[in-house]
Participant: 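This is the structure I want to talk about, given as structure tokens.
One-based numbering, in listed order, for ligands and for the atoms of each. The shown structure was predicted, so the numbers you read here are calculated from the model rather than taken from an experiment. One is the number of the first residue; the rest follow in order along the sequence.
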Amino acid sequence: MASQPQKKALISIVMGSQSDWETMKEAADFLKELNIPYEKKIISAHRTPKRLYSFSKKAKKSGLKVIIAGAGGAAHLPGMVASLTSLPVLGVPIESKSLKGIDSLLSIAQMPAGVPVGTLAIGKAGAKNAAILAVSIISLSNKFYEKKIENWRENLTENVPLNPTNE
Ligand code: RP5
């Protein structure tokens, strides 16, 4: 089991459009906070299918361990990535304007049996949780990151006050 920090990206954050970045930044910010090496890319299932294919086919060999994929509307990106790699894919439904992200959620969650996408909540909470989950996954084979995520979780718990303030 590795016990050293890694330099090469272990987690990839991909998104269907620049417009998804405001949401997906939550995932990036969390990985930055914990100093976990990651990369970020715009890959659209509909607009850049060749980029989608080449990224997904090379992902495992390039050393990535988890892929976080955010997409909105007819959100095919996470499912298509998952169809092309055996790496775990965590899907983040982007909150769409017309249907508030319900479209994205159902598109990502309702994968047919055999090609799973671990689907998170709609929007920023989902993006942050995808990053936390991704770190938990890589920590299974890396003591260094295991310690980091455990410390972060302890800190989260310690910072919840027992009594609400009067404000
Ligand atoms: C999806 O279409 C993207 O993931 C994005 O959430 C949505 C809208 O994209 P833009 O029209 O803002 O580029 O593919």
Side-chain angles (χ1 to χ4, degrees), residues 6-140 145 148-149 152 156:
Q6 309 285 308
K7 285 204 178 117
K8 266 170 71 175
L10 296 172
I11 298 169
S12 188
I13 302 172
V14 298
M15 63 210 84
S17 167
Q18 175 65 46
S19 64
D20 298 334
W21 173 241
E22 196 196 336
T23 302
M24 299 311 290
K25 189 175 176 298
E26 292 290 320
D29 287 348
F30 180 80
L31 298 178
K32 231 183 271 173
E33 184 187 330
L34 263 65
N35 220 358
I36 311 283
Y38 73 95
E39 59 172 32
K40 56 184 196 298
K41 294 179 188 301
I42 297 173
I43 298 177
S44 167
H46 310 100
R47 294 170 180 153
T48 66
K50 286 184 185 159
R51 197 185 297 175
L52 163 83
Y53 185 86
S54 100
F55 164 79
S56 308
K57 291 308 271 183
K58 288 182 199 150
K60 203 167 192 177
K61 267 202 175 145
S62 74
L64 291 170
K65 302 292 180 210
V66 185
I67 297 170
I68 298 172
H76 294 123
L77 176 65
M80 285 304 297
V81 172
S83 76
L84 292 162
T85 178
S86 59
L87 289 175
V89 176
L90 305 178
V92 179
I94 301 293
E95 186 174 336
S96 57
K97 283 196 186 107
S98 40
L99 296 172
K100 302 274 177 225
I102 293 294
D103 44 354
S104 325
L105 174 67
L106 296 179
S107 299
I108 295 174
Q110 290 299 108
M111 288 299 290
V115 186
V117 171
T119 308
L120 284 298
I122 296 169
K124 290 184 178 180
K128 183 164 188 171
N129 279 344
I132 296 168
L133 198 50
V135 178
S136 295
I137 294 169
I138 64 167
S139 78
L140 291 171
Y145 296 126
K148 276 193 178 212
I149 195 69
W152 184 85
L156 178 79

Participant: Does T23 reach the main-chain N or O of I94 with its side chain, forming a donor-acceptor pair under 3.5 Å?
Facilitator: no
Participant: Measure the distance from atom 4 (O) of ligand 1 to every protein heavy atom, then report the residue, atom name and distance (to 0.1 Å) of the closest one.
Facilitator: D20 OD2, 2.6 Å
Participant: Please identify each residue that fulfils salt bridge (charged side-chain N to carboxylate O under 4.0 Å, His left out) with E22, with sequence neighbours left out.
Facilitator: K124
Participant: Looking only at atom types and distance, does a side-chain atom of R51 sit under 3.5 Å from a main-chain N or O of I42, one as donor and one as acceptor?
Facilitator: yes
Participant: So which heavy atom in the protein is nearest atom 8 (C) of ligand 1, and how far is it from that ligand atom?
Facilitator: S19 OG, 4.2 Å
Participant: So with a 6.0 Å cut-off around NZ of K25, is the heavy-atom count from everything else above 12?
Facilitator: no
Participant: Using modelled atom types only, decide if a donor and an acceptor are shared between the side chain of K65 and the backbone of I138 within a distance under 3.5 Å.
Facilitator: no
Participant: Under 4.0 Å from any heavy atom of A71, which atoms of ligand 1 are there?
Facilitator: 4 (O)
Participant: Looking only at N/O atoms, are G70 and ligand 1 under 3.5 Å apart anywhere?
Facilitator: no
Participant: Purely on distance, is any nitrogen or oxygen of S44 under 3.5 Å from one on ligand 1?
Facilitator: no
Participant: Using a distance-only test with no angle check, is there a side-chain donor-acceptor pair under 3.5 angstrom linking S86 and K60?
Facilitator: yes
Participant: Which residue and non-hydrogen atom of the protein lie closest to atom 1 (C) of ligand 1, and at what distance in Å?
Facilitator: G72 O, 3.3 Å
Participant: Under 3.5 Å between any N/O of S17 and any N/O of ligand 1: does that happen in this structure?
Facilitator: yes
Participant: Report the part of R47 (side chain from C-beta onward, or backbone N, CA, C, O) that has a heavy atom under 4.0 Å from ligand 1; answer both or neither where that applies.
Facilitator: side chain
